[in-house]
Amino acid sequence: MTDGQVVRKILKPLVWIGCLAPAAWLVRGIVIGDLGADPVKTLTHTTGLSALTILLVTLGVTPVRRLLSRPSLVLLRRPLGLFAWSYAVVHFLIYAVFDHRLSVPEISEDVAKHPWVLVGFSALLLLTTLAVTSPAAAIRRLGARRWNRLHRLVYLAATLVILHFLWLVKRDVTEPVRYGVILGVLLLARAIPALVRSRRAGGAAAEAS
Amino acid sequence: MLIRRPPDIPASEITGESLYQNRRAWLSTAGVTLAGLALPARARAWGGDDKLTPYDVVTTYNNYDEFGTGKDEPAKHAGGLKTKPWMVTVEGDVKKKGSIYLDDLLKGIPLVDRTYRMRCVEAWSMVIPWNGIMLGDLIRKLEPGTKAKYVEFTTLLDPKQMPGQESGVLGWPYVEALRIDEAMHPLALLTTGVYGKPLPNQNGAPIRLTVPWKYGFKGGKSIVRIRFLETQPRTTWNIAAPQEYGFLGNVNPNVSHPRWTQKEERRLGEFFKRPTLMFNGYADQVGQLYTGLDLKANF
């Protein structure tokens, strides 16, 4: 099998199974009534954590692809990103329905008043922008360069999600810090090679002059 | 007739027999009616559904950071806490000072059964049938002096038994306190049981503070020291985040926590939120403690 076939026939189905697992677990919990003492909190927390985890995996695709020199891994990036966004949407809907009975004025007030809600909501808007521009047609329409630049917003979105997590915990920041460190490593994994590349390019330019 | 009771509340649901038998004693001292101890009629009228939170939820969904910050961690890690024998030290401006076994401390004080709403500052709530004593009864027995304006409660400090104390999440030991008039209020309890069973360790065994009109964090658990003080002591959450947790910690839907609203709460097990009531629905009983006080500044 070629690399492309491995990705398409094995890794992609694995991504689907892995990404649907938390949803399946929640549906099972709803059906048998086993979501713990505070079911809404379980739903909110699990969907939020799944969105963040999958988002970090999405951000891991490019560094791993470069490290292993397996360009076809890029095929996993879009489904992963869309799953992350889907969990974020469900996360928001649970909040909107059960915390605010879909009242737009109430939700707007909550977003405006509480910074951690604001950053979470902003992250959702950013991810939504990326989701709607994810089809191949959108890449063609925007042009690869502009599309790439637009999709760099994912770094900002992920950072906002970490902030959202940090600001919502009462006192024990262990968990959000752990996720934040992973995001930091993933961002460095991009920043350092990029820096090296630009240094090299700069050096080459200096030599040439 | 001195004792009035709204007809829609069965007495059996709100007060235990022991309290009922002793009603005259505290009625005269506190000047409140028996109806005052019930879940107020207003709260019932709102939905008529202050149903008891099941025992397994009360005992497995806990904030007790000494045993871990996850809600399920106290139930998992509190088993090793040795609560017998238990010594309590009484200090400060009080006649009966010294260290005393818990059983001796409580001797002669009538037991009461009370069902209270419990509102956490995190905007969830429960309804819990407690067993214990009225804090005021103990204070009278200890005979505080005239300079005693505050009562402070300190939780056990023992990282060997309380693994959460190895972490720096909060400053240990956990300290909570009340003004003496709050402590003397007949709604304020020291509890030793839930659902007629001894208090499980994760709920603060062997003895904890239960003040139903305040957020749950005011209820110090596994108490080893009671101090009578002239000046207001610093309390643990207030030290950790003074802008988020005040000294009084009264349930107040009109004063938001800086990071979230306190207007509504989720009763555990329910999906939609319900309005939070002033003083957790005990405004008729405790409101007069705070007459003239700016509750926005003193939260």
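Per chain, numbering begins at 1; letters A, B, ... match sequence-line order.
The pair A/Glu106-B/Lys263 does not meet the salt-bridge criterion, since no charged nitrogen lies less than 4.0 angstrom from a carboxylate oxygen.
Heavy atoms closer than 4.5 Å to chain A are found nowhere in B/Pro54, neither backbone nor side chain. Contact annotation for B/Glu270: only backbone heavy atoms (N, CA, C, O) come within less than 4.5 Å of a heavy atom of chain A. For a residue to count as touching a neighbouring chain, one of its non-hydrogen atoms must lie under 4.5 Å from one of that chain's; by this rule A/Glu109 touches chain B with the side chain only. In this structure, the portion of A/Leu43 lying under 4.5 Å from any heavy atom of chain B is its side chain and not its backbone. Contacts of B/Phe217 with chain A are absent, with no heavy-atom separation under 4.5 Å from either backbone or side chain. Both the backbone and the side chain of B/Phe272 come within contact range of chain A, each with at least one heavy atom under 4.5 Å from a heavy atom of that chain.
Residues passing the side chain to side chain donor-acceptor pair (under 3.5 Å) test with B/Glu73, sequence neighbours excluded: none. Residues passing the side-chain contact (heavy atoms from CB on, under 4.5 Å) test with A/Ala112: none are found, sequence neighbours excluded.
Remark: side-chain polar atoms of B/Arg259 are paired, donor with acceptor, to backbone N or O of A/Trp167 under 3.5 angstrom.
Note: B/Arg266 CZ to A/Lys41 NZ = 11.0 Å, rounded to the nearest 0.5 Å. Annotation: the span from B/Leu170 atom CG to A/Arg171 atom CZ amounts to 6.0 Å, rounded to 0.5 Å.
Against chain B, no residue from residues 57-94 of chain A qualifies, as none has a non-hydrogen atom under 4.5 angstrom away. Interface with chain B: from residues 134-148 of chain A, no residue qualifies, criterion being any non-hydrogen pair under 4.5 Å.
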Evaluate B/Asn63 against A/Lys170 for side-chain contact (heavy atoms from CB on, under 4.5 Å), listing each step before the verdict. CA-CA 11 Å; B/Asn63 277 335; A/Lys170 202 169 156 198; 3.9 Å; yes
